[in-house]
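Data first, discussion second: the structure below is written as structure tokens.
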Amino acid sequence: MSNGPELIITEKDNAARRIADILSGESAEAERVNGVNVYKWGGKRCIGLSGHVVGVDFPPEYNDWRDVEPVELIDAPVAKHPTQENIVAALRRLARRARRVVIATDYDREGELIGKEAYELVREVNEDVPVDRVRFSSITQREVTEAFENPDELDFDLAAAGEARQIIDLVWGAALTRFLSLSARQLGDDFISVGRVQGPTLKLIVDREREIDAFDPEDYWELFADLEKDSESFEAQYFYLDEDGNEAERVWDGDDAETAYETLREAETATVDSVRRRTRTDDPPAPFNTTQFIRAVSSIGYSAQRAMSMAEDLYTAGYITYPRTDNTVYPEDLDPRELLGEFTANRTFGEDAEHLLEQEEIEPTAGDNETTDHPPIHPTGELPSRADLTEDEWEVYELVVRRFFATVAESAEWEHLRVVADANGLSLKANGKRLVKAGYHDVYPYFNSSESFVPDVDEGEELVVTETSIDAKQTQPPRRYGQSRLIETMEQMGIGTKATRHDVIQKLYDRNYIESDPPRPTRLARAVVEASEEFAELIVSEEMTAQLEADMQAIARGEATLDDVTEESREILEDVFEGLMESGDEVGKHLQKSLKADKTVGSCPESDHDLVIRKSRRGSYFIGCDGYPDCTYTLPLPSTGKPLILEEECEEHGLSHVKMLAGRKTFVHGCPLCKAEEADEEEDLVIGTCPDCGEEHGGELAIKRLRSGSRLVGCTRYPDCDYSLPLPRRGDIEVTDEECEEHDLPEIRITYEDSDREPWELGCPICNYREYQAEQVDGDELQSVKGIGAKTAEKLKDAGIDDVPSLKEAEPDALADLMDGVGPDTVRKWQSAAD
DNA sequence: GCAAGGTC
């Protein structure tokens, strides 16, 4: 037997580092093998993978979409090949000499498969080395040491269950994706995809849109009265008992409503019939798993994608635990008092932490999901200072800290007061609620804890009716799913995983299946769902995952084999293709029609064709005639954002309004033809003399708007004189009375009508442009230092370093503190390079 | 260039 090192393999570098620290008593040292971190101590090495380092795919001869019939993919061979070459190479190098290998990947099904993949790579270069498996659900001293003291074996059945999933997903996904794309002739970037998870997710969105389309609003009325006691007024609502004896507030008949309102209006007083008081306990929330974390972050205004990317950054920086988890129960190892203790000295959290520590007993809440994968998301106890994080990241970090606080805080208590009164024979009710004990709301302000006031009244008491009203309303269609609701629903349906659900939604955006936020399906999405429902129902049904889960469990229990399950799945797909291939042309036409409809803005005013949104070779959008090159009619679109066609149409031109999606800078452009006409009519506003040709030829400087929507200060003698100065794209340009003494030009202010943004005093356009150029030069100057690129120069500027002299003077430790991913040694390197 | 699942 070799006397080489013992090799420990984890799922990711971060876990490798922490496990090495625990097992070595912090004595492990990092070295690089093939550019991969390896932690080394005694006779041991620990390497972290990057999740799957091998992937499944078809052999290269199946790569060409046009040469291979999609149906052939069903029985095509599927092979594994390395996807992370450097890690695979490093692993092989270490495994060759190892005397023992320990697989320490995550404790879940995918972790077992990743472990088996590592096992196979090890076996390729070392046939005899013993391979053990350790399992722990949180990386703590106790769990890790215990796991390593009691090693187990790899569960090959569980790994095979995961492999079955990989194969089925690839075969179904690739065959159907290629079929749909080929039938609609969408090859290249705009292919049409379907899959086991994206399919049902898309159907969920499309089904909701169908409900909205089919919705027929109904009129109803609601009646209200303001009641007064001791000059304190509160609102009560009319109700009656319906046929089933249930309380109802909505009056569905207009005449009935009118009659009731006449009666109510005549009432001068109302007599209290009943008063009911109840105290309700409001328990603190459970610890965060990924889904609940995303939900909470989206309630403070961030997308699911952004929530996860910020969580990732906070995790890698060491401030919060692993963000991808299903678990909502803290591990036993977590000592809430100890963790709270880490916050007592902090400016933001100290006071709350102290209060919580004053509780006699601290028993954290627990949710319904107890899993082995990772602990719930909580702060690690290593605290960032505010300057270490961006404002957004701080907000998310604070949320995670406060959620942890909430889970160890006391319950809140509400007092509900329900008053029923009689006004002229009509029943009125009022519900008040008061927070009598704030409990966890004191440390977790993200839930609504607003009170509604109803005064203390007694039965039989007479109240004055001060005001009455009747509201005509309509029933509303169901609301579209927001991103976090979608993720919650996917979790309930059992599709996707904690680590992929938000990516799936992003994928639907990338495929042009959904637009805007909350997501709205395109015509293409409807057509894809319709075609799937007709010919491949399983791919848009949650049943496919349910069946697969059952099969995987059978494999994991040893009751079925990988081959049984994948073979059966291939047979089902064969059947699907029989129907599909017969109707290929029809399906393709339908998809193509929908693709066209998604781009169409209206009819061309100069020919019989449609006007469609197109993309220029440079990547900008414009509107062009579908009859091109016979008809060359075009209309410009703003250069910021991606155009979204709205349902609203221009009354004058019959064209759809267009909205430009650009994150927070999203705005409605309106009718593109109206906009183009406005731009043509707008007269150039002269603000001064042209510095280039004013004296000689009398050229003047004017504020101009180009047809593309962009604006500039340019010479009126253009194109004879091309003097120009840039102006910002967004905001309204205001010419002030102030004048620049140096250039005899008025100062300019930019205001933002449709946002809360403060006006920008741009000043004299010439001075402004010079300053801008000077900044560019500064940036270039920093970039002249070896090791500093454009991005780093930007970061340096954020840290207050504008030029080389200030870089040289900077204190390396202080500067490194201000910059993400930069250490003091790097700063010293720059400083010596600048000499 | 297809899926879904890891991780960054």
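Within every chain, numbering begins at 1; the chains are lettered A, B, ... in the order of the sequence lines, protein sequences first and strands thereafter.
- Between A/H374 and A/Y322, the ring-plane angle classifies as tilted under the 30° and 60° cut-offs.
- A side-chain contact (heavy atoms from CB on, under 4.5 Å) with A/S50 is found for exactly one of A/I114, A/N86, A/I87, A/T83, namely A/I87.
- For DNA chain B, the residues of residues 103-112 of chain A within the heavy-atom distance limit of 4.0 Å (strictly under) are A/D106, A/E110, sorted by number.
- Annotation: salt bridge (Lys or Arg N to Asp or Glu O under 4.0 Å) contacts involving residues 7-16 of chain A, sequence neighbours excluded, comprise A/K12-A/D106.
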Let's go through A/Y119 and A/V101 carefully: what are the C-alpha distance in whole Å and the side-chain angles of both, what is the deciding distance for side-chain contact (heavy atoms from CB on, under 4.5 Å) to 0.1 Å, and is it a yes or a no? CA-CA 9 Å; A/Y119 165 88; A/V101 170; over 6 Å; no

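- Taking a 4.0 Å limit (strictly below) on heavy-atom distances, residues 58-70 of chain A reaches DNA chain B at A/F58, A/N63, A/D64, A/W65.
- Residue pairs meeting the salt bridge (Lys or Arg N to Asp or Glu O under 4.0 Å) criterion with at least one partner in residues 307-319 of chain A, sequence neighbours excluded, are A/E312-A/R324.
- Residue whose closest nucleotide on DNA chain B sits further toward the 5' end, between A/D57 and A/T500: A/D57.
- Screening residues 167-189 of chain A for salt bridge (Lys or Arg N to Asp or Glu O under 4.0 Å) gives A/R165-A/D169, A/D169-A/R196 as the qualifying pairs, with residues at least two apart or on separate chains.
- Contact check on A/K116 versus A/E120 returns a salt bridge, with a Lys/Arg side-chain nitrogen under 4.0 Å from an Asp/Glu carboxylate oxygen.
- In this structure A/D152 satisfies the salt bridge (Lys or Arg N to Asp or Glu O under 4.0 Å) test together with A/R135, sequence neighbours excluded.
- Atom CD of A/E69 sits in a sparse spot, with 12 or fewer heavy atoms from other residues, nucleotides or ligands closer than 6.0 Å.
- Surrounding OH of A/Y319 are more than 12 heavy atoms belonging to other residues, nucleotides or ligands, all under 6.0 Å away.
- Note on residues 74-95 of chain A: pairs passing salt bridge (Lys or Arg N to Asp or Glu O under 4.0 Å), not counting sequence neighbours, are A/K80-A/E117, A/K80-A/E163, A/R92-A/E124.
- Of the residues in residues 531-544 of chain A, not one comes within less than 4.0 Å of DNA chain B through any heavy atom.
- Using a 4.0 Å cutoff on non-hydrogen atoms, the parts of residues 170-199 of chain A near DNA chain B are A/L170, A/G173, A/A174, A/T177, A/R178, A/L187, A/G188, A/F191, A/S193, A/V194, A/G195, A/R196, A/V197, A/Q198, ordered by number.
- The number of heavy atoms from other shown groups lying within 6.0 Å of CG (A/D585) does not exceed 12.
- Counting heavy atoms of neighbouring residues, nucleotides and ligands inside a 6.0 Å radius, atom CD of A/E29 does not exceed 12 of them.
- Close approach of DNA chain B to chain A, defined as any atom under 4.0 Å from a non-hydrogen atom of the protein, starts and stops at B/dG1 to B/dC8.
- Within the structure, every pair that satisfies the ring pair (Phe, Tyr, Trp, His ring centres under 6.0 Å) test and touches residues 546-596 of chain A, not counting sequence neighbours, is listed here: A/F179-A/F577.
- Here A/T497 lies in heavy-atom contact (under 4.0 Å) with sugar-phosphate atoms only.
- Partners of A/R485 under the salt bridge (Lys or Arg N to Asp or Glu O under 4.0 Å) rule, at least two apart in sequence or in another chain, do not exist in this structure.
- The residue A/Q166 sits close to a base: some heavy atom pair falls under 4.0 Å.
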